[in-house]
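Taking it in order: structure first as structure tokens, then the write-up.
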Number of protein chains: 2
Amino acid sequence: MKMAEGVEWALHSCLNMTWLQPGRAVSAARLAAFYGLPTAYLNKQLQALVRAGILRSVSGPRGGFRLARAPEEITLLDVVTAIEGAEEAFRCAQILRQGPGGRADVDYRQACLISQAMRRADLAWRRELAGQTLAQLREAVGDRYPDTPRNTRERLVAPPS
Amino acid sequence: MKMAEGVEWALHSCLNMTWLQPGRAVSAARLAAFYGLPTAYLNKQLQALVRAGILRSVSGPRGGFRLARAPEEITLLDVVTAIEGAEEAFRCAQILRQGPGGRADVDYRQACLISQAMRRADLAWRRELAGQTLAQLREAVGDRYPDTPRNTRERLVAPPS
DNA sequence: GAACGTCTACTCGGATAACTCATGTCCGAGTGATTTTGG
DNA sequence: CCAAAATCACTCGGACATGAGTTATCCGAGTAGACGTTC
């Protein structure tokens, strides 16, 4: 049960975009150069964020990606779900149906107590992620690392070399 | 981020074993026949549970697997960890180290606020799973489905054929 | 000088390989019960 | 009849194929800006 590596990239990239002036787009190439990531593959992850409605893409010169809505309205769960998919980690295969007394007309994803327990854990995980917004993260980072916002903005607008 | 299918098998198998008289061993073949699972592969999962100290294996005729300790002392987290491994789903690759101002002497798994948030969610998930023991599950199932304990015991001891 | 048409360069977007890890299977080592044989 | 030893069948245990999903890459479609040309 390992999470895709693209989740980390997506989270950091989205957080970095919160420091840009609204409406300003950043190309996938610059976002990738920020952490030395493979450009094409990061682009793929950003496309997933576009499909999820978190980012908005702009074609042509001066184009790129920008946040589709305010950082206050984007939770960590939104980003994780966009990359990993909405289905929960534990998928009940309803093996009780094959056991003694198993019935075909029963939904064991609801009836099975093991399935219920696993879903409770999954909900706790989701609740924790849904309670954190990009805006809260941006503020926390700004407090602890005051130089980060400016450095990030400069490097995203005009990368070195 | 999908969980291994063996987790479901392991959970149900361990729960079924709680209804056997203590010290009684069940072969992997009978546990597999219970839900129509592939015997060899279930055996592989049970071996992982043995390595984790949850089960104890007995060789030879009348051998098999049995719980290594009381159901009150086995949590769902124990079983899940035994199959999936102890490392958390989100593994911080410390990409901040490659960014501007990144330092090699900083552990970004601790310093990165994104990493912290993901770890909080992971801990919430683990806490939920650690709060459920096999004994609690066994009691809940016995209350809701009174026939299950007897049916399970009979079928594990003498499967139809 | 201004407006229009063309052209270019830059961007995303999806289709296409390579590789890792989970899935699935097999046969050998070990062991305890059973049977057989001798006293 | 009893005991001891050899046999045997059953079990786990790890080593070996297979397949799906993630990782990684590439090139084409589309677009906005820039340039040159013309009125």
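Letters A, B, ... are given to chains in the order of the sequence lines, protein chains preceding strands, and every chain is numbered from 1.
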Does A/Q98 have any side-chain contact (heavy atoms from CB on, under 4.5 Å) partners at least two apart in sequence or in another chain, and if so, which? none
Using whole Å, what does the distance between atom P of nucleotide D/dG21 and atom CE of A/M1 come to? 18 Å
Can you tell me the distance, in whole Å, between the CG atom of A/L42 and the P atom of D/dT25? 12 Å
Going by side-chain contact (heavy atoms from CB on, under 4.5 Å), B/F65 matches just one of B/L49, B/I54, B/V58, B/V50. Which one? B/V50
Tell me the interatomic distance from B/N43, atom CG, to D/dC10, atom C1', rounded to whole angstroms. 13 Å
For A/A40, answer base if it contacts any base atom (sugar-phosphate contacts may also be present), sugar-phosphate if it contacts only those atoms, and nothing otherwise; contact means non-hydrogen atoms under 4.0 Å. base
Let me know the distance between CE of B/M3 and C1' of D/dG21, rounded to the nearest Å. 17 Å
Could you tell me whether A/D107 and A/R109 make a salt bridge, using a distance below 4.0 angstrom between a side-chain N and a carboxylate O? yes
No-hydrogen, no-angle side-chain donor-acceptor test under 3.5 Å, A/R119 and A/Q116: no
Separation of A/Q47 atom CD from D/dC27 atom C1', in whole Å? 13 Å
If the threshold is 4.0 Å, N to carboxylate O, is there a salt bridge linking A/D78 and A/R69? yes
Using a heavy-atom cut-off of 4.0 Å to chain B, what are the terminal contacting nucleotides of DNA chain C, in 5' to 3' order? C/dT23 to C/dG32
Would you check if the side chain of B/E8 reaches a backbone N or O of A/C92 as a donor-acceptor pair within less than 3.5 Å? no
Determine whether B/L67 and B/P71 make a side-chain contact, defined as any pair of heavy atoms from C-beta on separated by less than 4.5 Å. yes
Euclidean distance, atom CD of residue B/E5 to atom C1' of D/dG21 [Å, nearest integer]: 15 Å
Nearest-Å distance, CD (A/E84) to P (D/dG21)? 14 Å
Any donor-acceptor pair under 3.5 Å from A/Q132 side chain to A/L76 backbone: no
With a 3.5 Å distance limit and no angle check, can you tell me whether A/Y35 reaches the backbone of A/H12 through a side-chain donor-acceptor pair? no
Please state how far atom CD1 in A/I83 lies from atom P in D/dG21, giving the value in whole angstrom units. 18 Å
Students often get this wrong, so: under 4.0 angstrom with heavy atoms, is B/A29 touching a base, only sugar-phosphate, or nothing? nothing
May I ask you to list the residues of residues 55-67 of chain B, by number, that have any heavy atom positioned under 4.0 Å from an atom of DNA chain C? B/S59, B/G60, B/P61
